[in-house]
Amino acid sequence: MTPLFDLFLYIGLPLCLILIGAIAGGRAESRHLRQLDVKEKELADVPITDLKTFAGTVDASCGATMVMGNVVIASDYLKSFLARIKSLLGGELTSYQSLMNRARREAIVRVKTEARSLGHNAVANLRIDFCQVGAGIEVLASGTAYTTTLGA
Amino acid sequence: MIVVNTEEIPGKKVVEIKGLVQGNTVRAKHAGRDLEAGLKNIIGGELKGYTELLTEARREALERMLAQATELQANAVVNVRFSTSAVAAGAAEMFAYGTAVVIVDEG
């Protein structure tokens with residue numbers, strides 16, 4: 001192969017992907033973070049705990065039901081590239097940390113949304129599980145939705 | 001059938017514990033989802049194809065668990081937990097388990 005082709009394949013192409021990852025990925029990430037802020041504000045009045053007991057004054061006539069929210073998230077090329085370099089040096093992978101935090105927040109937002117859509121207004125016993133599936137990581141948040149009587 | 005992931009249900013009392021019930025399913029993705037994942041690994045973000053696949057699989061695992069509970073003549077399943085594991089390249093097992101109980105109204 002000509003040296004020019006080699007240059008393109010081994011340096012040019014990865015650089016392009018890193019650039020796409022950085023620009024498009026960064027834009028998608030800030031858009032998602034903005035959406036998360038809006039949704040979290042909307043759902044701020046749905047208390048969520050990881051306690052086994054039902055916090056607040058429970059309205060027993062409304063019952064309780066399990067709710068789940070899950071997200072499968074993939075990292076962009078820039079993050080993966082930075083992580084590969086960092087793993088040679090050791091230490092904190094802040095690029096992946098922000099990704100996991102985003103995924104967790106999204107999963108919790110989905111749990112609260114489902115709780116609300118079922119007519120409940122609180123969630124207890126939140127559990128968060130992770131699993132690596134193929135090219136991404138799945139974050140599963142599950143809890144029990146119930147109703148509290150406000151005031152009283 | 002009431003399903004919760006806590007040990008107690010507000011306003012109800014457990015009168016009989018029927019035992020452990022479980023349900024599982026193994027799902028594989030198809031090539032289309034792989035393509036989407038490949039592209040998303042450049043831009044990053046949510047893999048919607050995978051999310052749908054795993055949500056569907058989890059629902060099926062839950063249905064199988066509830067079928068077992070119905071067989072045992074329980075009317076609720078408490079303390080439900082999940083487990084996911086990759087079993088082969090591109091396939092994941094969804095496992096749901098809980099305790100089937102008989103509940104009555106409190107008071």
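Throughout, a chain's letter reflects where its sequence line sits, starting with A, and its residues are numbered from 1. None of the values given here were measured: they were computed from a predicted structure.
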Q: Would A/Val46 end up clustered with A/Val111 when hydrophobic side chains under 4.5 Å apart are linked, directly or stepwise?
A: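 Same cluster.
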Q: Between A/Ile85 and A/Leu17, is there shared hydrophobic-cluster membership here, with clusters defined by ILVMFWY side-chain heavy atoms closer than 4.5 Å?
A: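 Cluster IDs for A/Ile85 and A/Leu17 match.
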Q: In Å, rounded to the nearest 0.5 Å, how long is the span from CD1 of A/Ile23 to CD1 of B/Ile43?
A: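 So the CD1 of A/Ile23 and the CD1 of B/Ile43 are separated by 11.5 Å.
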Q: For the candidates B/Gly49, B/Ala91, B/Ala86, B/Gly45, which exhibits the highest count of non-hydrogen atom pairs separated by less than 4.5 Å from chain A?
A: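 Sorted descending by pairs with chain A, the first entry is B/Gly45.
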Q: Given heavy-atom pairs under 4.5 angstrom as the criterion, report whether the side chain, backbone, both or neither of B/Leu54 touches chain A.
A: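 Both backbone and side chain.
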Q: At a cut-off of 3.5 Å, what donor and acceptor atoms pair up between chain B and chain A?
A:
{"from": "B/Val3", "atom 1": "O", "to": "A/Met66", "atom 2": "N", "distance (Å)": "2.7"}
{"from": "B/Asn5", "atom 1": "N", "to": "A/Thr144", "atom 2": "OG1", "distance (Å)": "2.9"}
{"from": "B/Asn5", "atom 1": "O", "to": "A/Asn125", "atom 2": "ND2", "distance (Å)": "2.5"}
{"from": "B/Asn5", "atom 1": "OD1", "to": "A/Thr144", "atom 2": "N", "distance (Å)": "3.3"}
{"from": "B/Asn5", "atom 1": "OD1", "to": "A/Thr144", "atom 2": "OG1", "distance (Å)": "2.4"}
{"from": "B/Asn5", "atom 1": "ND2", "to": "A/Asn125", "atom 2": "O", "distance (Å)": "3.0"}
{"from": "B/Thr6", "atom 1": "N", "to": "A/Thr144", "atom 2": "OG1", "distance (Å)": "3.4"}
{"from": "B/Asn41", "atom 1": "O", "to": "A/Tyr77", "atom 2": "N", "distance (Å)": "3.2"}
{"from": "B/Ile42", "atom 1": "O", "to": "A/Tyr77", "atom 2": "N", "distance (Å)": "2.9"}
{"from": "B/Gly45", "atom 1": "N", "to": "A/Ala74", "atom 2": "O", "distance (Å)": "3.0"}
{"from": "B/Gly45", "atom 1": "O", "to": "A/Ala74", "atom 2": "N", "distance (Å)": "2.9"}
{"from": "B/Glu46", "atom 1": "OE1", "to": "A/Arg110", "atom 2": "NH2", "distance (Å)": "2.9"}
{"from": "B/Glu46", "atom 1": "OE2", "to": "A/Arg110", "atom 2": "NH1", "distance (Å)": "3.2"}
{"from": "B/Glu46", "atom 1": "OE2", "to": "A/Arg110", "atom 2": "NH2", "distance (Å)": "3.3"}
{"from": "B/Leu47", "atom 1": "N", "to": "A/Val72", "atom 2": "O", "distance (Å)": "2.8"}
{"from": "B/Thr51", "atom 1": "OG1", "to": "A/Val72", "atom 2": "N", "distance (Å)": "3.2"}
{"from": "B/Thr55", "atom 1": "OG1", "to": "A/Asn70", "atom 2": "OD1", "distance (Å)": "3.1"}
{"from": "B/Thr55", "atom 1": "OG1", "to": "A/Asn70", "atom 2": "ND2", "distance (Å)": "3.3"}
{"from": "B/Arg58", "atom 1": "NH1", "to": "A/Glu138", "atom 2": "OE2", "distance (Å)": "3.0"}
{"from": "B/Arg58", "atom 1": "NH2", "to": "A/Glu138", "atom 2": "OE1", "distance (Å)": "2.9"}
{"from": "B/Arg58", "atom 1": "NH2", "to": "A/Glu138", "atom 2": "OE2", "distance (Å)": "3.0"}
{"from": "B/Asn79", "atom 1": "OD1", "to": "A/Arg127", "atom 2": "NH2", "distance (Å)": "3.2"}
{"from": "B/Val80", "atom 1": "O", "to": "A/Arg127", "atom 2": "NH1", "distance (Å)": "3.4"}

Q: For the candidates A/Gly143, A/Ala145, A/Ala22, A/Gly63, which exhibits the highest count of non-hydrogen atom pairs separated by less than 4.5 Å from chain B?
A: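 Most heavy-atom pairs under 4.5 Å with chain B: A/Gly143.
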Q: Is A/Leu51 atom CG crowded by more than 12 heavy atoms from other residues, nucleotides or ligands, each under 6.0 Å away?
A: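 Yes - once you tally the heavy atoms of other residues, nucleotides and ligands closer than 6.0 Å, there are more than 12.
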Q: Which distance, rounded to the nearest 0.5 Å, do you find between the CZ of A/Phe5 and the CG of A/Leu9?
A: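 One finds 5.0 Å between CZ of A/Phe5 and CG of A/Leu9.
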Q: I'd like to know which of B/Gly11, B/Ala76, B/Pro10 tops the heavy-atom pair count under 4.5 Å against chain A.
A: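 Option with the greatest count: B/Pro10.
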Q: Below 4.5 Å from any heavy atom of chain B, which atoms of A/Val58 appear? Answer side chain, backbone, both or neither.
A: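 Just the side chain, heavy atoms under 4.5 Å.
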Q: Find out whether A/Ile108 and A/Ile128 are in side-chain contact, i.e. whether some heavy atom of one side chain is under 4.5 Å from a heavy atom of the other.
A: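 The answer is yes, as the side chains (C-beta and beyond) meet within the 4.5 Å cut-off.
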Q: Running the 4.5 Å side-chain criterion over Ile, Leu, Val, Met, Phe, Trp and Tyr, what cluster does B/Val3 land in, apart from itself?
A: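 Cluster partners of B/Val3: A/Met66, A/Met68, A/Leu140, B/Met1, B/Val21, B/Leu62, B/Met65, B/Leu66, B/Leu72, B/Val77, B/Val80, B/Phe82.
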Q: Is there a path of hydrophobic side-chain contacts, each under 4.5 Å between heavy atoms of I/L/V/M/F/W/Y residues, joining B/Ile103 to B/Val4?
A: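 In one cluster: yes.
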Q: Against chain B, work out which of A/Cys131, A/Ala60, A/Ala74 has the most heavy-atom pairs shorter than 4.5 Å and name it.
A: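 Of the candidates given, the most pairs with chain B belong to A/Ala74.
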Q: Looking only at heavy atoms and a cut-off of under 4.5 Å, which of A/Gly136, A/Ala124, A/Ala64, A/Gly26 has the most pairs with chain B?
A: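 Looking at each of A/Gly136, A/Ala124, A/Ala64, A/Gly26 in turn, A/Ala64 comes out on top.
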Q: Cluster question for you: counting only ILVMFWY and a side-chain heavy-atom cut-off of under 4.5 Å, with indirect links fine, are A/Leu93 and A/Leu78 together?
A: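 Looking at the clustering, A/Leu78 is in a separate group from A/Leu93.
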